[in-house]
Each structure stands twice: as C-alpha cells, then as structure tokens.
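Following: one structure in structure tokens, then a few remarks.
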Amino acid sequence: MQLIITILAALLLVPAHALDVTGTVGVDHWHTDAEPVRYLDNYRPLSEPYRPTSPWLSVSASHGTPTPWGPLTATVAGRFSRNGGGYLSRADLDWRFNLHAGVRIGMLPYRVSTCRAPGEGPWIAEPSAVCRHHTLNAMATGAAGVQLYGTAVAGAWLIDGLAGVYRPRVDGQSWRTFGPLLATDGHTRDRRSGLSLNTLHLPTGVQLRASLLRADEQQSGRWNINTHTVYVAAEAPLAPWLSLRASVTDITADTNYGLRIAARDTTTETVLHPAPQHTLAVAWSQYRHDNHGLDNTHRIVQSTSITWRWDAPTALRLALIGQLTTSSDNGQRGSALGLRLQQSF
Amino acid sequence: MTRSLAAMCLMACAAHANATVWLCSADTSERVVVSRAPDATQASAAEGRALPRDWRVSNYDIRQAFLGYPVLIGRSWLLAVMLPPDDPLTRIAFVELGISAEAAAALARSSGLVDRGIRIAPNAAAAVAKVARNAPAVTYDGIYYGQEGVRTCN
C-alpha cells in the first residue's frame, strides 16, 4: 500500500507536460425489461439500486525515465462510474532491464484475459460473462503484486510471457467476491498467482492467448476456497474488414465446506468493418455454472449480442455505440438495449 | 504557373498513392544517439556520439518502436504514433515494416502482456500534432509538405 502511495505521489511531482495522459469519458444508458438482463453490465443484486444511466471516466497517466539499468516507467490508471464506483486499476513501476524482459511491482492488472479496456472495441458491455459480470470478472481485474515479463520475436511470431504473484489484501481494495461467488465477510487470506502466454503472428495479426490464474482465499478465518481459472483465446483477422474472436474460460473452485463449483464461459465474436469509421460486431456467449456437493444446482446463461460503433472522423475522438443483448437465464429471457457516447483524450 | 502547380499536384498524388513518409519530431536539441546493432540487447544508453541537431531515426529503429521495444533517443525513448488500423496509410506503412495493420492494432491494446506505449491517433493531422508535441516521436503520412513540428525521419 505504501509503495502504491509512493508511486502516486511521485507522479504528482512530475511536471504536467512530462506526463503521458490518456483516457476516455462517456455515458451509458441501458433500456431493459423490468428485471435487468442477468449478467449484463448494469445488473446488480437486489440490495443495490438499478441505475440505467451511468456516466464514467477512465484515465491513465504514465511517466518514463531512462536509468543506467534500463527504462523505468510509473503508471497509474483508474476508473470511475456511477454504477461501479471508483477504483484504481493500476499503480505500478515497470523496470525494463533488458530489451526482452522486465519486472513490474505495484497494483497490477492480472493480464490473464483479452477483455477490452473501457472505451476500446465495439462493445458497451463485453459479450463474455467473465469480462463483464462483477462476480466472474476477477481475472479481468488485478491486485498488488509483482510480475516478471518477457518478449521476443521468433521468425514471424512475437511471443510475450508473464508470470505474477499477487496479494489482493495489500492494496486495500477489498474484494467483493469469494471465488466465483459474492463475498459475505472480509478476507483473512487471499493469495494469487498467474501465468500468461501470448503469441502474435506479425504478418497477419493472428493472436493466441493462454493463461492460468490460481487463487487461495479464506473468509472469516475458516471458510476456504481454492479457485483455478484457465483462459484460452484466439483472434484471427480474415480480411481487412473481417475478424473472428473466440475464448473459453474454465473456472473450478473447491471449498472446505462441501461445495465444488465448475463453470465454463464460451464466447465467439465476429467483427466487421463495412465502411471507414464503422464497426459492426455479433457475438454469442454461453456461461454454464454447476454447483456440486452441498448445493446441486445448475445454471446456463446464453446471450446473443449485436453492436454498432461509429467513430467520428475528427480530432475530437468521439464515438457512438449502440448494443442489443438478449439473454436466456435458465429459461428466463430478457433483453437490453444500450447506447454509449464517449470521447477519448 | 498553372502548369507548375499541376505538376506539383501530380507528384504529390503519386507519392501519396504508392508510399508513406515517416515523420519524426522536429526537436532541434543536440542529441546523443545510442549506437545500435541489430543484435543489440541492452536498452539503456551506451556510449554514443553527439550528433548534429538533425538527428535521424533508422527504419530499424522505427520497426523496433512499433514492436514495442524501447528505442532510446538522447535521454528519452521514441514514441510510436499510429493511425487507426483501417486507415489505408496504416496498411501501406506497416507493410514496409513487415507488420500487418491488425497486428499493429493488437500491439497497441492495453490487454497485452507487455506495455508497448504505442499511441493511436484518429487521423494524420492528430498524429502529426502528437509527434510534434512529444519529441522524440515518429508517425507516418502520405506526404511531407512541411507540417509544423515534424520532419522526415531519414
């Protein structure tokens, strides 16, 4: 925690013109059925109010300096939204001690998934449940820790690797989840580790990602859960106007109170660029959640989404996105129509 | 006069249709450039030599920058600014580097495992403005006609 505060303080001392600041500001509005579509971005437990309109801001600031031992970069990033509140997604020091390797320390994104950052991509709410739902998207977030990364070009392939160890209780951003479940009390132990490998074919843009994230959590000093998440994704541009994405996420969790969880998210996505500044995407996603032992329940959530994004061809960097998602949750159907206006800077 | 203008326009159009021009910041401070061989492995500044004010960035440096490798120019490293992947200039420029526009867009995403610091500008004018403000930096355009704050890289 003190390291994170130190990084924040150091960035505040840097002259404004030496900071590299990027971000996106926007507002989302969702029109849904009386019961919001489950697993949609705006869906909240009954204890929290449902807010169809949510302004948000996503900002990143970084400053790099050369040292005799390699470039050193400090980065801070955070997001605030009316529905999600404010949180720090990143505050770290990155030391690139070699052309091919470096180390990061601080508050770090896990970098397990290829979930897009706010403002990126054609979606308001990502079609994959593990990217958007607040009890499943742990791997799309991060925690205090240390990461070692490496990169190299082998023939036509760019290969990146990353290994990390994390201690989420250190950064003070208390977790609302307990494995793939909602937390009901504070954590007394939370230890995580992850591995990620990414390969990119430079002449074509074909990209493959495989990741593993393990979590050992304890709640209230006695309830334990061990969660293993395996993520595999592929992206293939077939033509300048057409690309395909697919991902599979397997989550298995074992507890010491007789509950075992097996879940799988499968998502496929087709992205088209029918004209300059226009992006059209269609996605299908299925999330299957099985409880065994103490609770034998099963849930299947299937959703189909279509979205259209228009980027204004001006220096203002405005974008307009419209998205329709229909979902079936164990037979209960619902739909949501979303609209987003955003500006990047 | 009219014939001269027409000839200049034809030359400009020909240049735009077939190639891109790499544009670097026009910062005129004296720089020390790292002597860099293709098999260099160190990112930190090594012994170099003081160059005249018109420092140059090689095609090797440009490719390294867009692959996300730190390219040290003086006391700062080279910022790579690209146009959107579906811009025709992007496709032409990255063919020269042996990288597809789609791969370049993937390199610029925040979900990557390695931070590459590549920036995406909405159009050529915005890219040139960013390069002019953030020396040393590099981008590309269809033609160099004396845009403020930039010059050809090599």
Not counting sequence neighbours, which residues clear side chain to side chain contact (heavy atoms under 4.5 Å, CB included) with A:Phe80? List them please.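 With neighbours one apart ignored, the set is empty.
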Checking [X] against chain B: side chain, backbone, both or neither under 4.5 Å from a heavy atom?
| X | value |
| --- | --- |
| A:Asp94 | side chain |
| A:Thr22 | side chain |
| A:Val153 | both |
| A:Leu200 | side chain |
| A:Leu108 | neither |
| A:Ser113 | backbone |
| A:Ser196 | both |

[options]: which one forms the most heavy-atom pairs within less than 4.5 Å of chain B?
| options | value |
| --- | --- |
| A:Pro203, A:Pro237, A:Pro109 | A:Pro203 |
| A:His273, A:Arg116, A:Gln207, A:Glu235 | A:Glu235 |
| A:Gln277, A:Arg209, A:His201 | A:Arg209 |

Contact class of B:Asp115 relative to chain A, heavy atoms under 4.5 angstrom: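 Both backbone and side chain of B:Asp115 come within 4.5 Å of chain A.
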B:Arg133 versus chain A, the contacting section by heavy-atom distance below 4.5 Å: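 No part of B:Arg133 comes within 4.5 Å of chain A.
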Which pair of heavy atoms, one from A:Ala163 and one from A:Leu195, lies closest together, and at what distance?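 Minimum heavy-atom separation between A:Ala163 and A:Leu195: CB-CD2, 3.5 Å.
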Do A:Gln147 and A:Tyr110 pair up side chain to side chain, a donor and an acceptor below 3.5 Å, judged on atom types alone?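 No pair is found: no donor N or O on one side chain lies under 3.5 Å from an acceptor on the other.
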Side chains of B:Glu96 and B:Thr20: do they bring a donor and an acceptor to under 3.5 Å?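 Per modelled atom types, B:Glu96 and B:Thr20 side chains form a pair under 3.5 Å.
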Quick one: does A:His100's side chain have a donor or acceptor within less than 3.5 Å of a partner on A:Thr151's backbone?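 Yes, because the side chain of A:His100 sits within donor-acceptor range (under 3.5 Å) of the backbone of A:Thr151.
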Is a donor on one side and an acceptor on the other found under 3.5 Å between the side chain of A:Ser128 and the backbone of A:Thr267?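 Answer holds: no.
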Can a cation-pi geometry be assigned to A:Arg79 and A:Trp56, taking NZ or CZ under 6.0 Å from the six-membered ring centre and within 45° of the ring axis?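 Yes - A:Arg79 lies over the ring of A:Trp56, closer than 6.0 Å to its centre and within 45° of its axis.
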Does A:Phe97 have its ring centroid less than 6.0 Å away from the ring centroid of A:Trp69?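 That pair fails the under 6.0 Å test.
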